[in-house]
Structure formats: C-alpha cells, structure tokens
Q: 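Here's a structure for you.
So you know, we letter chains A, B, ... as the sequences are listed, proteins then strands, and number each from 1.
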2 protein chains.
Amino acid sequence: MKRIPVLLLGCGGVGQRLLDHIVSCRAIHSQQGLALSVVGVCDSRSMLLVDDLQNSEFSDVFLKEICKVKSSESSLSTVSHFGRPCQIFNNPTELAIDLSASLGGSTGLVVVDCSASSETLQILKKSVAFGCCVVMANKKPFTSNIEEYEELTLHFRRIRYESTVGAGLPVISSVTRLLASGDPITRIVGSLSGTLGYVMSEIEIGKPFSEVVLFAKSLGYTEPDPRDDLSGMDVARKALILSRLLGWKIDMDSVQVESLYPDEMGPHLMNTEDFLGSGLALLNVIISERVKAALSKGNVLRYVCMIEDSRCRVGLQELSKESALGRLRGSDNVVEIYSRCYKDSPLVIQGAGAGNDTTAAGVLADIIDFQDLFK
Amino acid sequence: MKRIPVLLLGCGGVGQRLLDHIVSCRAIHSQQGLALSVVGVCDSRSMLLVDDLQNSEFSDVFLKEICKVKSSESSLSTVSHFGRPCQIFNNPTELAIDLSASLGGSTGLVVVDCSASSETLQILKKSVAFGCCVVMANKKPFTSNIEEYEELTLHFRRIRYESTVGAGLPVISSVTRLLASGDPITRIVGSLSGTLGYVMSEIEIGKPFSEVVLFAKSLGYTEPDPRDDLSGMDVARKALILSRLLGWKIDMDSVQVESLYPDEMGPHLMNTEDFLGSGLALLNVIISERVKAALSKGNVLRYVCMIEDSRCRVGLQELSKESALGRLRGSDNVVEIYSRCYKDSPLVIQGAGAGNDTTAAGVLADIIDFQDLFK
C-alpha cells in the first residue's frame with residue numbers, strides 16, 4: 001500500500017467536504033493500492049497533529065468529529081479534548097513549515113490549501129521548496145504577485161490547483177494537456193461565476209437586476225455581501241490563473257475588470273444594508289438598457305472572462321445566442337478554449353462550477369494525481 | 001534533462017502527426033526538463049531502431065524523413081538506405097517485445113500504439129508486464145475480451161488511452177478524475193462519431209440520408225466504405241472503453257449496437273459500389289420517417305452512446321433540442337457525464353473528436369503525463 005500523508009490547511013466548507021470524501025473513498029483508493037493518511041488539520045489558529053507522523057493517521061471517526069466541530073463553528077481546539085492520540089498546537093504556520101521540512105524530503109507530504117486566506121502563501125512556498133506536493137482550492141496564493149507565482153510553480157509537477165477555476169470542472173487539467181501537446185491556445189472565453197451566470201441569464205428574461213440579485217442571495221448563490229461577486233474580482237482571479245497558465249507573466253493590475261456597481265457604491269462608501277436596500281435598485285435601468293441593446297442585435301449579455309491577444313479582460317460582453325456561452329442558463333460555468341486543434345469550433349467544458357462538494361472532489365482528484373511521486 | 005524513450009507502433013496518419021508534434025514541441029518540453037527520444041518506429045512489416053538504445057535517438061531531420069516516406073505510402077525499409085545510425089529489422093513484433101524487456105525495467109520506455117491493428121495487443125501486454133508505459137490511440141487492443149483488458153490495465157498508472165475516445169478531447173482523463181474523487185458516475189451519453197454527428201444534423205434540415213452520406217464521403221469524413229461508420233461499430237468500441245473505465249466487466253457482445261443499414265446490405269452480401277450506388281438510397285424513407293417522428297415531438301434524432309443502469313447501448317435516440325447533444329451541429333463530439341456532483345446538469349465536454357492532428361495531440365499529452373514515472 002502506497003501511503004500519501006496529507007496536511008489540510010483550512011477546514012471550512014470545502015475542507016470538511018474533502019475530509020468526508022477521503023473517508024468515503026477509502027475503499028476505492030485502497031483497491032488501487034493507495035492510503036490517504038491525514039496527519040494534520042489546521043484552521044487559522046490551531047493545528048491538530050498525529051503523534052507519529054511516519055506511521056499514524058487520523059481515523060475516519062476522528063475526521064468526522066473534526067468536521068462536526070468545525071461545522072458548528074467551534075475552534076479546532078475543542079476537538080483536542082477527546083483524548084485521541086494527537087496533539088494541538090497554537091502556531092499552525094510555523095508547524096506546517098516544520099512538517100513540510102521533515103516529511104518533504106523523505107516520505108513525502110501533500111499540503112492541501114482549502115482556506116480562503118492569503119496567509120498560506122508562505123507555507124506553500126516553503127512546502128514546495130522542501131519537496132512536498134501542494135494542492136490549492138484557495139485562489140489567493142496563486143494570484144499574488146508574479147514573483148511569488150513563479151517561486152510556487154518552479155516545481156510545477158508538484159503543484160495542482162484544478163479547483164481554483166470552475167471548482168471540479170477539468171479546466172486547468174485540460175489546458176495543461178493542450179499545452180503539453182504543443183497545441184497553441186489562442187483564446188479562452190469563459191463564464192466562470194455561477195452567481196453572475198445566474199444573474200445574467202435571469203435578467204435576460206426581463207427580471208429587474210436588483211430583484212434577481214436579492215433572490216440569488218436568498219438562495220445562497222451570492223456571498224453575504226453580493227458586491228463580492230458583482231465586483232468581478234473573483235472572476236478576475238480565475239482569469240489571472242488561466243492567463244498565467246498560458247505563460248503570461250502578468251499581475252492582477254494587468255487584468256481589466258468591470259465592476260457591476262460604481263465606485264460610489266463600494267464597500268468603503270456604502271454599507272451592505274444600504275447597498276441591498278437602495279443602491280442595488282439604482283442599477284436596474286442602466287443594466288436593463290445594456291441587456292436590451294444586446295437583444296436588439298440578436299445577442300445576449302454575459303459576464304465573461306476573455307483571454308486573447310495578450311489581453312485579459314473580465315466584464316460584460318455581448319455574445320451570439322448560439323455560442324456555448326450565449327446558450328448558458330442557470331449557474332453552470334462554461335469555458336471555451338480555442339487552439340490550433342480547436343480552431344473553428346472550440347473545446348467546450350461546461351458544468352457546475354461552484355459548491356463545496358464539487359470543489360472538494362476536484363481537490364481530491366488532484367491529490368490522487370500525485371500518486372506516482374510517492375514511493 | 002529527463003529522457004523519455006519512445007517506441008512508435010504504426011506510422012500512418014496519426015503516427016506521422018505524432019512525430020511532427022514531437023519535433024515541433026521539442027523546445028517546450030526541453031524547458032520543462034523533458035527530452036522525448038524516439039528510439040524506434042515500426043509499421044506492420046519493419047522496425048527502424050537506433051543503434052544505441054541508452055544514448056541515441058532519431059534526429060528531427062530523420063523523423064521528418066520517416067514521415068515523408070510513409071506519407072508517400074512507401075515501406076519503412078526504404079528509409080534505411082539513408083546511412084543514418086539505425087538498423088532495419090523485419091520482425092517488428094518480436095523486436096518490440098525484446099526492446100520492452102530490455103528498457104522496461106531500467107531506463108523505461110513508452111510504447112505508443114498509433115496503428116489500427118489488433119496484432120499489437122501481445123506487444124502491449126508484454127510491455128506493461130515488463131514495466132514499460134503504454135499509450136494507445138488504437139482502440140482494438142482495448143476492445144478485445146475482458147481478460148485481455150484486465151491484463152493490460154493491471155498496472156493502470158502505466159496505461160493511457162485518451163485518444164481512443166473523442167480524439168484529443170479530455171474525456172478519459174475527466175472520467176478518471178471523477179472516479180478518483182469518489183464521485184459516482186450514473187450516466188454517460190455521448191455523440192462520439194463526428195461522421196454520424198454530421199450526418200444526423202444534416203438530415204434533420206431535410207436533406208436525404210443518401211445524399212448526406214455521399215457528400216460526407218466526398219469531404220473525407222467517412223471511411224472509404226461508409227458502412228464502417230454506419231454500422232456503429234466504431235462508436236460501440238468507444239462505448240465499451242468508457243463502460244470498462246467505469247469498472248464494468250463486459251465484452252463487446254454486451255454492447256447493444258444499432259446499425260444504420262440492414263443485414264442484407266452488409267459488406268458480406270453487397271459490395272461497396274452497389275451499396276453506394278443503390279443500397280444507400282433505399283434507406284432514405286425509413287430514416288427520414290424517424291427524423292420526422294422525433295421532430296413532431298419537438299425532439300431531434302442523434303446517433304449516441306448511452307451508458308447507464310448497467311446497460312451500454314449505441315444507436316439512434318430521440319433527444320431534447322435543448323440538451324447539449326440535441327444542439328450539436330456538424331462533426332463535433334460531445335459527451336455528457338452525470339454523477340453526484342453533476343446531477344441536475346451534466347459535465348459536458350465538446351469539441352472536434354476526430355482528425356489526425358488532435359488525435360496525435362492527445363497521444364502526446366498522454367506521453368508527457370508519464371513524466372513522473374521516469375528518472
């Protein structure tokens with residue numbers, strides 16, 4: 001049996017689902033001769049660590065207890081009272097680095113970042129340098145400046161990050177395959193926000209923008225402050241990750257981002273309540289006019305990322321109703337990739353591009369993909 | 001620099017494009033620390049082999065000469081006169097097995113099957129057993145009986161076969177990722193023949209079946225005898241490969257295949273000329289009636305593979321106009337995958353699913369994907 005030790009950073013929704021998946025896939029992986037051994041779990045304040053790194057792991061029962069504690073929004077430290085053979089520490093960052101140093105060069109370690117923090121960057125950089133593998137669902141470490149990106153990707157075979165774009169959709173892996181086969185990618189167009197995809201397809205059938213956004217919020221489709229989606233910054237991060245994958249040495253300030261609300265409605269000038277209560281409705285007319293202008297030309301309006309001709313843009317775009325993007329309904333993501341092989345009609349990948357379940361599934365597939373690097 | 005020795009079986013269209021791609025990607029792979037060294041090339045009668053397996057490789061100029069000779073439909077043996085440091089042998093099968101035995105356990109070898117032969121199965125089985133990696137574009141070795149399949153896939157990390165389904169489209173790799181993440185796949189529906197996809201979307205707009213098939217033949221979309229496409233056997237092979245990937249232990253006789261021509265027009269009873277000249281037109285009415293019946297219900301007719309509930313079927317199917325398959329036009333392939341994560345709306349992969357260029361690109365991506373197994 002090949003043992004793959006795993007250290008999990010962040011045990012919010014995605015991290016918890018990952019632990020769930022690891023438990024429920026144990027039989028499948030065991031058939032393939034793989035044992036995923038979770039040796040440590042951190043949140044921002046604490047780390048739970050097994051006593052014997054080389055030989056022990058958290059049991060399935062214990063992993064479920066961790067999920068239970070974290071889903072009740074308690075601190076990891078409350079798990080430590082169970083008397084299991086593990087230790088609790090209050091310096092997760094230093095400890096994660098020590099762990100990488102000790103396991104990286106010997107038995108190996110996969111450091112999995114399911115947090116939403118930019119603080120993990122230092123851990124990930126050190127882990128890769130020490131010879132560990134890294135999987136990210138967290139976009140932030142990969143959308144830092146280009147120098148940090150290049151340092152992280154220096155050992156690119158030990159970095160996987162499928163779930164940063166389109167959750168579990170095989171976007172990064174497909175682009176990587178095309179690049180490996182020498183098929184030059186000329187253009188990537190995508191709808192990479194389930195929230196904005198939903199909003200744009202609903203306003204197209206005549207519903208007011210504000211109503212659609214508030215309804216999307218009530219369904220849990222948006223962040224607590226919907227401006228986090230409407231700003232386009234989340235899509236911009238994904239666009240930056242894809243551009244960099246194509247080899248572009250650019251930073252976030254090279255990504256042209258169109259926000260769906262004006263500066264004067266930004267979080268620093270207007271609180272969430274006022275934005276939802278009055279600000280949002282002020283945007284109805286201007287957005288509905290743009291939708292109508294598109295429709296009058298037989299087009300539809302989509303919030304897209306558009307990577308081509310050395311430009312990376314994120315914002316509203318008129319598109320043919322007949323294109324994969326134009327036909328998009330609901331919260332699915334879609335990515336169209338144009339290359340020499342996919343020239344006249346693109347390679348299209350479409351499906352649910354958000355949600356803890358599919359995001360965690362993408363992370364798990366990335367971990368399994370490292371198996372050839374383990375003894 | 002990591003050296004990946006490659007032995008190519010079959011240098012028809014796909015094999016030639018692969019050699020082209022290897023030459024033109026040398027710089028990209030070299031940047032990643034990889035050197036693909038073609039050490040041998042076979043057709044059914046001969047093998048060209050480098051003199052020094054451990055250290056030498058065919059030069060780019062020589063690989064281009066091989067392509068030139070093969071594209072003029074000459075035998076590989078005519079290349080041997082160029083006085084290059086290589087040898088020509090007339091027992092390719094025995095030699096390929098010897099080569100696998102000698103390199104498999106030491107420096108490693110990737111055996112690449114771009115032939116269309118079922119004779120390569122013995123080479124591939126031995127190669128895998130000796131520790132080599134195997135990439136297939138050839139569907140035949142993988143659609144042999146289940147015992148042979150299981151023997152071939154015993155070391156599944158050393159087998160790749162993306163290009164057997166949908167050419168370079170990331171179908172096999174995406175299904176493999178879903179399975180690794182423990183996401184149970186409940187259904188796969190696909191249009192996996194560019195030829196039949198084209199035919200079905202053209203007859204939908206009222207053109208007679210026979211006219212569309214003959215036009216497709218004139219465009220080079222069909223095999224020389226279009227019955228090779230119309231029989232559905234090529235789609236059935238792809239369906240069998242996908243079913244087996246899901247873990248089904250079935251043989252070809254468990255795949256229910258609907259042929260688009262009746263038995264009495266089969267190749268054993270009617271020659272190609274008669275089929276094209278008179279037989280084909282006799283099918284116009286029956287097929288046009290099925291198209292009309294579908295349209296009258298607001299559906300469209302597609303030739304699909306349908307894998308669900310332990311059944312694998314290949315044939316005509318009425319589908320909603322609004323589904324990814326129903327919207328399909330032209331010769332694109334499309335695959336819809338339903339699973340726990342992709343339950344309400346499927347994971348969809350769409351794009352060109354045939355052609356030597358994209359098939360060879362898929363093969364090359366598979367070879368590169370083995371890099372972690374090489375020292």
Side-chain angles (χ1 to χ4, degrees), chain A residues 21-22 24-29 32 34 156-158 162 167-170 173-174 176-183 322 324 327 329-332 334 336-337 339-352 355 357-373, chain B residues 21-22 24-29 32 34 156-158 162 167-170 173-174 176-183 322 324 327 329-332 334 336-337 339-352 355 357-373:
Chain A
H21 287 347
I22 288 176
S24 58
C25 292
R26 208 169 278 291
I28 298 173
H29 295 142
Q32 302 185 344
L34 294 180
F156 65 94
R157 290 297 290 182
R158 288 195 267 108
E162 186 61 88
L169 289 179
S173 54
S174 300
T176 304
R177 279 187 66 88
L178 291 188
L179 295 173
S181 72
D183 188 14
E322 298 309 313
R327 286 191 308 251
R329 291 288 171 280
S331 62
D332 267 9
V334 64
E336 299 180 354
I337 304 167
S339 68
R340 186 195 63 231
C341 285
Y342 303 99
K343 195 177 170 180
D344 301 319
S345 77
L347 166 58
V348 180
I349 298 164
Q350 181 171 343
D357 193 6
T358 166
T359 305
V363 170
L364 183 51
D366 275 352
I367 298 174
I368 297 301
D369 213 24
F370 282 134
Q371 63 184 286
D372 297 331
L373 292 167
Chain B
H21 287 347
I22 288 176
S24 59
C25 291
R26 207 168 279 292
I28 298 173
H29 296 142
Q32 301 185 346
L34 293 180
F156 64 94
R157 291 297 291 182
R158 288 194 266 108
E162 185 62 88
L169 288 179
S173 55
S174 300
T176 304
R177 280 187 67 88
L178 291 188
L179 294 174
S181 72
D183 188 12
E322 298 309 313
R327 285 190 309 250
R329 291 287 171 281
S331 62
D332 266 10
V334 62
E336 298 180 356
I337 304 166
S339 69
R340 186 194 64 234
C341 285
Y342 303 98
K343 196 177 170 179
D344 302 320
S345 77
L347 166 58
V348 180
I349 298 165
Q350 180 171 343
D357 193 8
T358 165
T359 305
V363 169
L364 183 51
D366 276 352
I367 299 173
I368 297 301
D369 213 23
F370 282 134
Q371 63 183 284
D372 297 332
L373 292 167

Q: Do side-chain atoms of B:Ser181 reach the backbone of A:Leu364 as a donor and acceptor pair under 3.5 angstrom?
A: no

Q: Go through B:Gln32, B:Arg157, B:His29 and name the one with the most non-hydrogen pairs under 4.5 angstrom from chain A.
A: B:Arg157

Q: Is there a donor-acceptor contact under 3.5 Å from the side chain of B:Gln371 to the main chain of B:Ile368?
A: yes

Q: Below 4.5 Å, heavy-atom pairs only: which of B:Arg177, B:Lys343, B:Glu336, B:Arg340 has the largest tally toward chain A?
A: B:Arg177

Q: Counting only heavy atoms closer than 4.5 Å, note whether A:Arg327 contacts chain B via side chain, backbone, both or neither.
A: side chain

Q: Between B:Asp372 and chain A, with a heavy-atom cut-off of 4.5 Å, which part of the residue counts as in contact: side chain, backbone, both or neither?
A: both

Q: Measuring heavy-atom distances to chain A, does B:Ile28 have an atom under 4.5 Å in its side chain, in its backbone, in both, or in neither?
A: side chain

Q: With a 4.5 angstrom heavy-atom cut-off, could you sort out which part of A:Asp344 is near chain B: side chain, backbone, both or neither?
A: neither

Q: Which atoms of A:Phe156 are under 4.5 Å from chain B, going by heavy atoms: the side chain, the backbone, both sets, or neither?
A: side chain

Q: Quick check on A:Ser24 against chain B: is it the side chain, the backbone, both or neither that has a heavy atom closer than 4.5 Å?
A: neither

Q: Counting only heavy atoms closer than 4.5 Å, note whether A:Asp183 contacts chain B via side chain, backbone, both or neither.
A: neither

Q: Heavy-atom distances under 4.5 Å only: say whether A:Leu347 touches chain B with side chain, backbone, both or neither.
A: both

